[in-house]
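For this chain, numbers begin at 1 and follow the sequence in order.
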Amino acid sequence: METFANLAGGFATALTAVNLFYCFAGVAMGTLIGALPGLGAMLGIALLLPLTMYLTPEAAIIMLAGIYYGGEYGGSISAILINVPGTPSSTVATLDGHAMTKQGRAAVALFASAIASFIAGSVGIILMMLFSPLIAKIALSFGSVEYFAVMLLGLVGAAAVASGSRLNALVAVLMGVVFGTVGTDISSGVQRFTLGFPEFISGISLVALAMGIFGFAEIACSHTTSISDKSSSKIRLRDMLPTRDEVRRSFGPLFRGTALGALLGALPGTGPTIASFMAYAQERRVSRHGNQFGKGAIEGIVAPESANNAAAQTAFIPTLTLGIPGTATMALILGALIVQGIQPGPRMMVENANLFWALIASFWIGNLFLLILNIPLVGLWVKLVRVPYRFLFPSIICLISVGVYSIDLNTFGVLVVTGIGLIGCLMRAAAIPAAPFLMGFILGPLMEENLRRALQLSRGSFVDFLSSPIAAICFALTALALLLPIAAALVAMRRT
């Protein structure tokens, strides 16, 4: 009953005219950005971070969250229609979705994607409502030692599951931690690594770093070309309904994909992309129609789409209740909360309960908005997908420059974005992932703060770090994550 009372209060806040507007604006922009190949929700959130400084915390987070899960909806539009995924998590939808488009059944594929996304997102929201308060209550017993251990495990875990080399991912984490130390030492007041620039006394701006590493670098290093003539199918609402056999075959993939996505979304370091690939692979193994996968099977759309949207919702659980972002996008949203003066974690549900439950309520509202946007307005999205990349490139660079300049009306911010963008390009060339870098940048200062506080309370002794059961388990898992790849490599060398 307490949960329903809190949710009612959240709806009272979310249903105000201002918050409704920003909820709709967020999901609409998220759908558009997700549908445009080469962009994605990450870039949209990075571009709009400066705007959130002029909004109330509720409006800011509701809008950014809408962009995030709206992008998961929108990414499947271009994947199905033109065989170009709008987001990484929608890549799997190209396999069977575009095959259905070639068969003249694009409308059915889009309808199945929208319905699966809506149902899975709703299940993810319910899980948030049920488990977030429980996790927060458990985490209230955490001290500085436990927080440090959990954050360390989160960073190492994110590096362990990152794409590409694990060594490169760990390098990215360490780079992020180093960048996070720039500015004034919170304990001694000493200025660190400012290079003589007074603008760095308060540290590197999260907005500038996010827009540089994900916005500038993405655009500067991208080679996306026009896709204006890849879609010839006409989308009609009356053709959207699948056959009875397809409806019957969709129930199993829908619930299996939702369950898998909800689980993986709540685990730091996984997220919608991994969930969608695993759901597709799982469904192909268990389906009696496995030979039809890749040829237009409805299961090949329903399973990954339900998985990535369930994961997009449950990814908020560790971010809001523990302050541990599971993905780079969640790290950006966590950073936006910190900019607003709100510290995510177990205290958030006590000190900012109204914000938390307003966000939960906005998820229900946003999911309804997305259902409206993704079914009747498919024709509009098709036209927007055809925007030539040569027009997007200068527009986004301009938005990045104006956005970072608007923070403090200082051109130094534009120089910082450019410099970080160039670093991002070098990281791409060296195959160093950007997501662990961002997570290291955000969690690094928090880890340092908790480490110092723990050492001050224990008078410099490290005994407390091992006497705490939670911390000891986290340290053991961290060691396993670091040592297992080395052990596996040594075993492989011996066999050869």
Side-chain angles (χ1 to χ4, degrees), residues 10 12-33 39 41-71 183 199-216 316 319-320 325 329-344 348 351-363 365-366 369 395-418 420-421 438 441-442:
T13 302
L15 288 173
T16 61
V18 173
N19 290 335
L20 272 178
F21 169 78
Y22 283 109
C23 181
F24 181 81
V27 297
M29 286 187 289
T31 305
L32 169 60
I33 294 171
L39 302 185
M42 174 70 71
L43 179 58
I45 292 175
L47 288 174
L48 291 172
L49 268 180
L51 176 62
T52 62
M53 296 184 177
Y54 304 98
L55 302 178
T56 63
E58 291 83 3
I61 303 306
I62 284 173
M63 181 180 69
L64 294 182
I67 294 173
Y68 175 53
Y69 57 83
E199 290 85 357
F200 282 150
I201 292 177
S202 58
I204 298 175
S205 167
L206 170 68
V207 176
L209 185 133
M211 296 177 78
I213 204 75
F214 292 105
F216 187 96
F316 283 91
T319 302
L320 298 179
T329 310
M330 286 292 100
L332 274 182
I333 292 178
L334 184 144
L337 284 168
I338 295 174
V339 169
Q340 290 279 352
I342 297 169
Q343 182 62 55
M348 180 181 174
E351 299 171 356
N352 298 280
N354 189 51
L355 170 62
F356 178 84
W357 289 104
L359 183 61
I360 297 291
S362 75
F363 290 160
I365 300 169
F369 282 153
S395 302
I396 293 173
I397 292 293
C398 180
L399 285 173
I400 290 173
S401 301
V402 172
V404 74
Y405 177 78
S406 67
I407 297 174
D408 53 10
L409 302 180
N410 192 338
T411 55
F412 185 79
V414 180
L415 297 177
V416 173
V417 166
T418 305
I420 292 175
L438 179 65
F441 177 79
I442 291 177

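- Judged as a side-chain contact (heavy atoms from CB on, under 4.5 Å), and not counting sequence neighbours, the contacts of I420 are I204, L209, I213, V416.
- Qualifying ring pair (Phe, Tyr, Trp, His ring centres under 6.0 Å) partners for F21, counting only residues two or more places apart in sequence or in other chains: none.
- Residues L337 and L355 meet the side-chain proximity criterion, which asks for heavy atoms closer than 4.5 Å.
- Here CZ of F24 is found 10.5 Å from CE of M29. Values are rounded to the nearest 0.5 Å.
- I62 and A358 get closest at one heavy-atom pair: CD1-O, 4.2 Å.
- Residues satisfying the side-chain contact (heavy atoms from CB on, under 4.5 Å) test with L20, not counting sequence neighbours, are L15, I365, F369.
- Scanning all heavy atoms of the two residues, the minimum distance from S362 to A14 falls at N-CB, 4.1 Å.
- We find the CD-CD1 distance between E58 and I342 to be 7.0 Å, quoted to the nearest 0.5 Å.
- Taking the side-chain hydrogen bond (donor to acceptor under 3.5 Å, both in side chains) definition, one finds that T16 meets it with N19, sequence neighbours left out.
- With rounding to the nearest 0.5 angstrom, the CD1 atom of I338 is 12.5 Å from the CD1 atom of I333.
- Evaluation of the ring pair (Phe, Tyr, Trp, His ring centres under 6.0 Å) rule for F316 yields Y68, F363 as partners, not counting sequence neighbours.
- Scored by the side-chain hydrogen bond (donor to acceptor under 3.5 Å, both in side chains) test, T13 finds N354 as partners (sequence neighbours excluded).
- The nearest pair of heavy atoms linking Y22 to A59 is CD1-CB, 3.8 Å.
- Using a 4.5 Å heavy-atom cutoff, the side chains of L320 and L359 are in contact.
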